[in-house]
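Working notes for the structure below.
Computed from a predicted model, the values in this text were never measured in an experiment.
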There are 4 protein chains.
Amino acid sequence: MAERKAPDASRRSERSRTAILTAARELIGEIGYGKLTIEAIAARAGVGKQTIYRWWPSKGAVVFDSLLALSEQADGAGIVLPDTGDIEADLKTVLRATAAEFADPEFEKPIRALNTEIINDRELAAAYREKMAAPMTEAKKQRLRSAQRAGQLAADADLDLFLDVLYAPLTQRWLLRSGPLDDAFADALVETALRAFRPR
Amino acid sequence: MAERKAPDASRRSERSRTAILTAARELIGEIGYGKLTIEAIAARAGVGKQTIYRWWPSKGAVVFDSLLALSEQADGAGIVLPDTGDIEADLKTVLRATAAEFADPEFEKPIRALNTEIINDRELAAAYREKMAAPMTEAKKQRLRSAQRAGQLAADADLDLFLDVLYAPLTQRWLLRSGPLDDAFADALVETALRAFRPR
Amino acid sequence: MAERKAPDASRRSERSRTAILTAARELIGEIGYGKLTIEAIAARAGVGKQTIYRWWPSKGAVVFDSLLALSEQADGAGIVLPDTGDIEADLKTVLRATAAEFADPEFEKPIRALNTEIINDRELAAAYREKMAAPMTEAKKQRLRSAQRAGQLAADADLDLFLDVLYAPLTQRWLLRSGPLDDAFADALVETALRAFRPR
Amino acid sequence: MAERKAPDASRRSERSRTAILTAARELIGEIGYGKLTIEAIAARAGVGKQTIYRWWPSKGAVVFDSLLALSEQADGAGIVLPDTGDIEADLKTVLRATAAEFADPEFEKPIRALNTEIINDRELAAAYREKMAAPMTEAKKQRLRSAQRAGQLAADADLDLFLDVLYAPLTQRWLLRSGPLDDAFADALVETALRAFRPR
DNA sequence: GCCTAAGCGAGACGGTACGTCAGGTCTTGCA
DNA sequence: TGCAAGACCTGACGTACCGTCTCGCTTAGGC
């Protein structure tokens, strides 16, 4: 097991790390992922290129970390979905919000960047599932289990499948721009999913 | 209003066009989309770079055309889905086949390449929907309408939504590698979708 | 005999070639050979770095060519040394001029640069002897042969040796800064050399 | 007027100093002066880079010191040239030995390195003259004075000039590789120099 | 059937960014 | 407090491709 490099993480400059992630995030918003370069990140962060290459294996990894930092700061205290007792209403609220987020140009570019990377990089995909998707998924399942207890969802429903059916069409439509992402679509998805998994 | 370029399509060399598309397809399979370069395509095709720039606006467009050529040769005679009269069985057959295709490394790289391009290029996304997705979608709807007539599907079902619910989870799982693409998953999707849209 | 690259010299841009050589010469004068970089040459010449790497194997080669161009433009019509009939007076004139040239800061930097390169590069040394030293040496020998015919120099004198004895001390003293390069020194060298090779 | 650096020489690690000079000398022999780097010296010597920068102002200075150490160990007891009473024979012996040394690849690289440095660095040139050349020159003059007393050399001969005429052609030819450095050349130089400075 | 304008292969060009190497400075334990 | 270790910013390296631009050479259409 011959490591080629083993930089001493204890000596790592927190100042540089933060500056790099911030610069990456800003640049994605400004010029888009496709035109993002390591040199530009380094320049904007006031950092040597080597400092980036020392700590990240690829441009995609930097971008991933920069977005991860963003998402982590959001859910510092854990993510909780609304629970009014009405699963349909709550899911519509959440899905409409997600759809709106996709439409926000501020969010659009980074998320497209992230998806581009994930599609083509196995390891990044794994990191995404663990670090970014998992906490969100767990929060959603929490709400679904509550609905199961309330008898609004089949007790034996496969929650992973439920979430796939609920969210994948939304994401897909956004990625491929194959249709409008309006409230009607969000509502229709919720209704469809609940219909498929309603208690017998 | 003088166009800057107006290449005379009637003089276009079919030999070069074919060689370029073939080279592009081969290279995607060999080195992947990310490392694909115009120079490599030109070299492999035995063609000057200018000949590529003359006829395509971007690398993505070449790649798209090369995969389009592939898909067109497949459905020259039109696509027809099996219709045994049992919509559930037929859809399971089709979805299992699609899942298997995704698992085939031969198909995997080009489709990932295509998705990468489409996500980040509006025009390519439109071209994809028109040239590649539309015929497929139409064939699927054909089969679904047959099921509606047979009373196996709600007569007022939104077929676009149905197809989204049926296929998006599959594509998503494949793109993000978020779970196994086995027969069980394909079957579960078909059952879920049909449950959501069964006649009242 | 597998050549790795074989750029087509017939397509070479004369404009670029000239700009590069000029830029190199100017920069040597301004910042010195040690701090000279290919990037700076390219930038000053308004040229891509690749255009330099395409046509020259090393920084030293560029510098050499730039000085060669300089020397060639000087002796377009051939070099002729003064011949008043008095070899001692003529040589003193020439050596004093050479010493003065060495003292001129304008000439100093390029020549030091050249020597630095030549010392450490066999091929450059060969090129120097052929392209730059040889014509000069031939001109000097011409004058010496005239002196031999006039009976001012031993008829069987080894002219190469004579020139070494005459010039090497001058060059050496200049390179190592081991003593003053004044007229007295030039005169002394001439007298010494002539004394050693006077006719018996 | 506070010096920016004032390392306390009394605390200097002799172990490090020696290791650095040894490493420098070895590396010059192995990879040549041009490719020599401070980092490589530090790594080979098992020393931090700062320890080098603390005690030497430039790479050239390290190299110089490393070669100085070499030459000092050689002439600890003072240098004495052979004195058989026959100045011509003695000088031929010495010059032939010098020529042979130049041909020895072991000696070649360091001396070329040294010359490269000296040519471009005034201070190093001065140090060279004082520390390395001077003792050698003095030893040679000693022998020449003996020859003057023996009537084999003009009593009023300029010994510095004599040494220049004798050695510079040899050094020059070696540096520029402009001719063979054989015994014949060494002998011819001695004969020429003696002819120029023989007693009247 | 010839002429001529176009497409074509080739590849040089001015550039941008790559990923690496080394320079020289600064910081952190260890001895 | 001198040292080894090595992270840091800087800047140059030599390479790979970009998209544009000539070069001669086919090669097809209009005359």
Side-chain angles (χ1 to χ4, degrees), chain A residues 5-13 15-17 35-43 45-55 57-59, chain B residues 6-13 15-17 19 35-43 45-55 57-59, chain C residues 5-13 15-17 19 35-43 45-55 57-59, chain D residues 5 7-13 15-16 19 35-43 45-55 57-59:
Chain A
K5 288 184 194 177
D8 182 349
S10 74
R11 292 216 186 292
R12 182 167 189 180
S13 159
R15 166 192 295 274
S16 295
R17 199 187 128 270
K35 296 188 178 171
L36 182 66
T37 66
I38 297 274
E39 296 216 326
I41 298 174
V47 137
K49 277 196 289 178
Q50 202 60 53
T51 301
I52 299 182
Y53 285 112
R54 183 153 36 229
W55 301 109
S58 69
K59 189 177 73 168
Chain B
D8 181 349
S10 74
R11 286 189 181 258
R12 181 168 189 179
S13 159
R15 166 192 295 275
S16 295
R17 199 188 129 270
K35 297 186 176 171
L36 182 66
T37 66
I38 296 274
E39 298 219 330
I41 297 173
V47 137
K49 281 196 289 178
Q50 200 58 250
T51 301
I52 299 183
Y53 286 111
R54 187 160 23 235
W55 300 109
S58 69
K59 188 177 74 167
Chain C
K5 288 185 196 177
D8 183 348
S10 74
R11 294 219 185 291
R12 182 167 189 178
S13 159
R15 165 192 296 274
S16 295
R17 199 188 129 269
K35 296 187 178 171
L36 182 66
T37 66
I38 297 273
E39 295 214 325
I41 297 173
V47 138
K49 278 197 288 179
Q50 201 59 48
T51 301
I52 299 183
Y53 286 111
R54 187 157 28 230
W55 300 109
S58 68
K59 188 177 72 167
Chain D
K5 290 186 197 175
D8 181 349
S10 73
R11 291 202 178 243
R12 182 168 188 179
S13 159
R15 166 193 295 275
S16 295
K35 296 186 178 173
L36 183 66
T37 66
I38 297 274
E39 297 220 310
I41 297 174
V47 136
K49 280 195 288 177
Q50 199 57 249
T51 303
I52 299 182
Y53 286 112
R54 191 162 20 236
W55 300 109
S58 69
K59 188 176 74 168

Quiz prompt | Residues forming a side-chain contact (heavy atoms from CB on, under 4.5 Å) with B/S16, sequence neighbours excluded | solution = B/S13, B/V47, B/T51

Exercise. Write down the distance between NZ (C/K35) and P (F/dT10), rounded to a whole number of angstrom.
Key: 18 Å

Self-check item: Residue met sooner reading DNA chain F from 5', once C/T37 and B/I38 are mapped to nucleotides
Solution: C/T37

Quiz item: How close or far is atom C1' of F/dA16 from atom CD1 of B/I41, stated in whole angstroms?
Solution: 15 Å

Quiz item: With nearest nucleotides of DNA chain E determined for B/R17 and D/L36 from heavy-atom distances, which residue corresponds to the more 5′ nucleotide?
Solution: B/R17

Quiz item: How would you list, by chain and number, every residue that makes a side-chain hydrogen bond (donor to acceptor under 3.5 Å, both in side chains) with D/K59, sequence neighbours excluded?
Solution: none

Quiz item: Quick one: D/Y53 OH to E/dA22 C1', roughly how many Å, whole number?
Solution: 8 Å

Exercise. Taking side-chain contact (heavy atoms from CB on, under 4.5 Å) as the test, write out the residues that go with C/R12, two or more places apart.
Key: C/R17, C/W55, C/W56

Quiz prompt | Closest approach of C/P7 to C/R54 (non-hydrogen atoms, all atoms of both residues) | solution = CG-O, 3.7 Å

Self-check item: Any residue meeting side-chain hydrogen bond (donor to acceptor under 3.5 Å, both in side chains) with C/T37, in chain and number order, not counting sequence neighbours
Solution: none

Practice problem: Look up atom CD in B/Q50 and atom CD1 in B/I38, then write down how far apart they are to the nearest 0.5 Å. | Solution: 11.0 Å

Exercise. Sugar-phosphate atoms are those with a prime plus P, OP1 and OP2; base atoms are the rest. Using that split, label each nucleotide of nucleotides 3-9 of chain F B, S or - for protein heavy atoms under 4.0 Å, 5' to 3'.
Key: BSB-SBS

